[in-house]
2 protein chains.
Amino acid sequence: MKLSTKGRYAVTAMMDLAIHDNEGPVTLSDISSCQGISLSYLEQLFSMLRKAGLVQGVRGPGGGYRLGKTPNQISVADIITAVDESIDSTNCKGQLDCNKGERCLTHHLWNELSEQLLAFLSSITLAEFIKDPEIKKISVRLDGTAHRISTMFPVTSKMIMA
Amino acid sequence: MKLSTKGRYAVTAMMDLAIHDNEGPVTLSDISSCQGISLSYLEQLFSMLRKAGLVQGVRGPGGGYRLGKTPNQISVADIITAVDESIDSTNCKGQLDCNKGERCLTHHLWNELSEQLLAFLSSITLAEFIKDPEIKKISVRLDGTAHRISTMFPVTSKMIMA
DNA sequence: AAATAACCTAGTAATATACTAGGCTATCAA
DNA sequence: TTGATAGCCTAGTATATTACTAGGTTATTT
């Protein structure tokens with residue numbers, strides 16, 4: 001279990017798809033300008049997401065990406081593990097005797113923690129975010145044209161905090 | 001909130017200290033050989049942990065590091081934030097108008113997720129790991145000489161899994 | 001006095017992250 | 001049928017982070 005900006009890009013992009021899941025595909029170009037990262041890099045991330053079955057590509061004009069499963073079937077853990085390849089959690093993997101024919105206790109403890117973290121992130125699905133009250137407000141306000149512009153919304157005091 | 005191998009090194013090292021909290025200081029040299037990372041790198045990590053008040057250095061022979069607070073006052077989140085400086089969660093921080101004078105909804109959603117994750121890792125303290133039944137077994141078996149060698153323990157089938 | 005181990009700095013190798021540049025293919029609309 | 005769109009793919013590269021090496025100083029114990 002690893003968590004970097006790369007993983008965050010993937011998660012936020014998937015949130016975007018989830019919000020517009022019933023409105024048609026979202027283009028990487030839109031996500032690129034929203035998240036402020038290069039289109040080509042996004043393409044690489046989505047290549048991994050697609051191979052993991054988390055998204056579906058739709059080619060041609062009006063195309064883009066949509067979710068590969070229902071929002072409640074896609075967890076944050078799924079997304080992160082798809083793009084952030086897991087770290088070698090023991091650093092002495094392969095060699096069972098990392099020190100004098102024995103094995104570190106702390107490695108075992110880390111595994112326990114790592115599993116707890118994975119379970120936690122697995123329990124959070126994209127469906128939770130669609131239910132967010134802030135989003136409902138936006139959806140109502142923008143309904144018709146939501147597909148193109150609802151990934152953005154006006155700044156509020158709540159949003160400024162990091 | 002960021003989680004890399006660097007953070008894992010810090011967490012496992014702190015677990016080590018927590019286990020031996022009542023037995024005297026643990027040397028970085030011991031941790032180095034256990035975790036398989038360089039002594040000097042550990043020194044740099046512990047410099048950050050010390051500045052965060054999470055550990056106390058004890059100089060001279062018989063010295064090493066011990067916890068700076070009680071195990072139940074030190075959370076996994078504390079450790080990770082001390083060594084893995086937090087990422088710029090929005091990528092458009094500073095400029096409030098990341099796109100056409102508006103702000104991305106997904107950034108807001110990420111902040112919510114990030115806070116949930118932080119709350120989760122804040123709820124897990126080093127005290128949990130001391131209570132681990134596996135550790136109790138070791139402590140009983142090694143009691144007197146535990147300080148030096150109890151960071152290691154024999155391989156069991158349970159341990160081989162990653 | 002000698003050994004230990006924290007504590008500190010500068011420089012560097014290795015790796016991961018993020019981007020650039022180019023191209024190809026499927027699909028839609030004019 | 002043609003052009004625009006947008007997915008899809010590869011190779012190369014700039015940047016940042018991670019992890020290490022190699023020196024050193026200082027406090028403490030034996």
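Below, all heavy atoms of this structure are taken into account, side chains as well, without hydrogens, waters or symmetry copies. Naming: A, B, ... by sequence-line order, numbering from 1 per chain.
When side chains are defined from C-beta on, Ile130(A) does not count as touching Met15(A), because their heavy atoms never get closer than 4.5 Å.
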When you check every protein heavy atom under 4.0 Å of nucleotides 21-30 of chain D, what one-letter string (B, S, -) results, 5' to 3'? BB---BBBB-
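The phosphate of dC8(C) has OP1 or OP2 within less than 4.0 Å of a side-chain N or O from Arg50(B). The shortest distance between the side-chain N/O atoms of Ser4(B) and the OP1/OP2 oxygens of dT18(D) is below 4.0 Å. One finds no side-chain N or O of Thr27(B) lying less than 4.0 angstrom from the OP1 or OP2 phosphate oxygen of dT4(C). For the OP1/OP2 pair of dA6(D) and a distance below 4.0 Å, the side-chain nitrogens and oxygens of Tyr65(A) include no atom meeting the criterion.
One can place NZ of Lys6(A) at 15 Å from P of dT15(C), the figure rounded to the nearest angstrom. Between the P atom of dT17(D) and the OH atom of Tyr9(B) lies a distance of 18 Å, rounded to the nearest Å. To the nearest angstrom, P of dA26(C) lies 17 Å from CD of Gln56(A). For Leu17(B) and dA6(C), the CG to P distance is 10 Å, given to the nearest whole Å.
Leu121(B) contributes atom CG, which lies 5.0 Å from atom CD1 of Ile80(B) (distance to the nearest 0.5 angstrom).
Of the possible polar contacts, none joining the Thr27(B) side chain to the Gly64(B) backbone as a donor-acceptor pair under 3.5 Å is found.
Side-chain contact annotation: Thr125(B) with Glu128(B), donor-acceptor N/O pair under 3.5 Å present.
The aromatic rings of Tyr9(A) and Tyr41(A) sit perpendicular, their planes meeting at an angle over 60°, well past the 30° parallel limit.
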Pairing pattern in dot-bracket form [Watson-Crick, G-U; both distances under 3.5 Å; | = partner strand] for DNA chain C: ||||||||||||||||||||||||||||||
